[in-house]
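So you know, we letter chains A, B, ... as the sequences are listed, proteins then strands, and number each from 1.
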Amino acid sequence: MSNDSTQFTRLPETAAEREDEGRATREEVLDFWSDRFGVPPETFENHTFWERGAGKIWVYRGDPPSPVDVEGLGMTFLRTRQEHWKPTLEAVQRFGEHASTNVMHLSEGEAAAFVSGYDQELDWDGDWGYLVVTHDLAGRTEPIGVGLYVYGELRSQVPKGRRRDLDT
Amino acid sequence: MEPIERYRPIVDDFEAFRAACDRPLPSAIRVNTIKATVEEATEALDEAGVAYEPVDWHDLLFVLPEDSPGANWPYFHGWIHGQEEVSAVPATVLDPQPGERVWDACAAPGTKTTQLAALMDDEGEVVATDNNLGRISALRTNSERLGATSVAVTHEDGRNHSLKPFGGETYDRTLVDVPCSCEGTIRKNRDAFDDWSLSHVEGIAGVQKGILTRAVQATDPGGTVVYSTCTFAPEENEGVLDHVLGDEACELVDYDLGMTHREGITEWEDEEFDPSVAKAKRIYPHHNDTGGFFCAKLEVTG
């Protein structure tokens, strides 16, 4: 019942081990999270990274032999093979608590608008590009998802299927 | 005769059982410890104005008397997940440990799969199998929202589960929560009995035997297999255990469960089952104000 579209290939450790020129390496993925968001590489020391389809990177807790012919391997994590790499909402919710740079904190109203899918004009003196967006929940700072900050505007990147009206 | 009448001989206080089957079931949630503690999740429910009541036998379960889970912050963040009380029984009984390899043989939509991953602190490997692509999509969505990175999903019939994608490795534990006639879900699914027929029960029992057989074969000697259904039909419960006990290297073992329950039955109509099936547990709606359920714990001996 399976076919090639279900094939997961493990990312090479470094560029020296890379066979597919377009494929990201584990080292590059760790550098991206560290350079862009300040997430320490050791956060992922027990995880493996896999590509299925061009540029769709998954993070998995197990360590099966590559390639793996299955329907899912952990969670979707990152889009590569485009000018700016883009983390998924799931990855940011799961690992974004370790982020220390390019993190935008929203008020309750702003957070609700973000989850509904609205773009908002907000002040931000950091880098443009993809940000980890957070809010306060139950006494802690919790990552909600990914925003794109350009031209004075935070653009919600919450996928349509995940959008919710959470006004309280 | 309506199907439920066939259980008059085996259910104590049958009229209370019938009455409970007619009452709707309140929503319940499980706290997802991959993402939050019970204290954080309940505080977030307080902030969202959602009422919740604890469940006496399980620290992570709460009944929502007024709301259904879904449109609130803790749900959006994957801190909570909708799960009926009885549906939390089999993964709790399987008791997987961090770092183990576990197979969930009939996994979609992933409520029990993600419970397994949470019990393992998301450390190890949960191979989640289902034969329906639409339901696999729900399984993937749920495990992503709950932040489970240890779940691998395979699309196949559990009866023919292949160990090849993972290098032939067998499992420490296996959960076999099989497709069934779903009689025990009557409180939330009013048409559960509409298509009931004995031939459907007998047909699905054949599938259940095949999946449980494969589960025992794919689990290491000394490993644990938990078999569960949400139905009362002995053909799908004790009858399936009796069949697999006769053919495969396994035995039923005792376990504790903090909910009122009854032993598995050793006789049904003109059949007698292996006496050890009494170690299985039957959960009836009128005893704990829940859905109906059946759960057995096996140890692989071969």
Non-hydrogen atoms of chain A under 4.5 Å away: do they reach the side chain of [X], the backbone, both or neither?
{"X": "A44(B)", "answer": "both"}
{"X": "R101(B)", "answer": "neither"}
{"X": "L133(B)", "answer": "side chain"}
{"X": "D122(B)", "answer": "both"}

> What part of F77(A) is in contact with chain B, defined as an atom under 4.5 angstrom from a non-hydrogen atom: side chain, backbone, both or neither?
Replying inline: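 F77(A) has no heavy atom closer than 4.5 Å to chain B.
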> Is it the side chain or the backbone of A91(A) that comes within 4.5 Å of chain B heavy atoms, both, or neither?
Replying inline: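 For A91(A), neither part sits under 4.5 Å from chain B.
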>> Can you give me the closest heavy-atom contact between L166(A) and N72(B), atom names plus distance?
In response: CD2-N, 3.5 Å
>> For V153(B) versus V70(A), what's the shortest heavy-atom pair and its separation?
In response: O-CB, 3.2 Å
> Between R140(A) and E40(B), is the closest basic N to carboxylate O distance under 4.0 Å?
Replying inline: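 A salt bridge is present here (some side-chain N lies under 4.0 Å from a carboxylate O).
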>> Whether the side chain of E90(A) engages the backbone of R145(B) through a donor-acceptor N/O pair (distance < 3.5 Å, no angle test) should be reported.
In response: no
Counting only heavy atoms not in [X], do more than 12 sit closer than 6.0 Å to its [atom1] atom?
{"X": "D59(B)", "atom1": "CG", "result": "no"}
{"X": "H105(A)", "atom1": "NE2", "result": "yes"}
{"X": "Q82(A)", "atom1": "CD", "result": "yes"}
{"X": "E42(A)", "atom1": "CD", "result": "yes"}

>> Out of E39(B), K35(B), E169(B), return the one with the most heavy atom pairs under 4.5 angstrom to chain A.
In response: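 It is K35(B).
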>> Taking every non-hydrogen pair under 4.5 Å, which of L139(B), V151(B), T154(B) racks up the most with chain A?
In response: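 Of L139(B), V151(B), T154(B), V151(B) has the most heavy-atom pairs under 4.5 Å with chain A.
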> With under 30° as parallel and over 60° as perpendicular, where do the rings of H77(B) and H135(A) fit, or are they tilted in between?
Replying inline: parallel
>> Would you compute the distance between atom OG1 of T141(B) and atom CZ of R162(A) and round it to the nearest 0.5 angstrom?
In response: 8.5 Å
> Distance from H47(A) atom NE2 to S150(B) atom OG, nearest 0.5 Å?
Replying inline: 7.5 Å
>> Test salt bridge (Lys or Arg N to Asp or Glu O under 4.0 Å) on D121(B) and R61(A); report intermediate values, then the result.
In response: CA-CA 11 Å; D121(B) 296 332; R61(A) 188 62 171 74; over 6 Å; no
> V115(A), T88(A), D63(A): which one forms the most heavy-atom pairs within less than 4.5 Å of chain B?
Replying inline: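 Ranked by contacts with chain B, first place is V115(A).
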> Taking L89(A), L73(A), V68(A), L137(A) one by one, which has the highest count of heavy-atom pairs under 4.5 Å against chain B?
Replying inline: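 That would be L137(A).
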Does the side chain of [X] reach to within under 4.5 Å of the side chain of [Y], using non-hydrogen atoms?
{"X": "F76(B)", "Y": "Q93(A)", "answer": "yes"}
{"X": "Y60(A)", "Y": "T149(B)", "answer": "no"}
{"X": "T76(A)", "Y": "E144(B)", "answer": "yes"}

> Do the side-chain N and O atoms of W73(B) and E142(A) include a donor-acceptor pair separated by under 3.5 angstrom?
Replying inline: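 Judged by distance alone, the side chains do not pair up.
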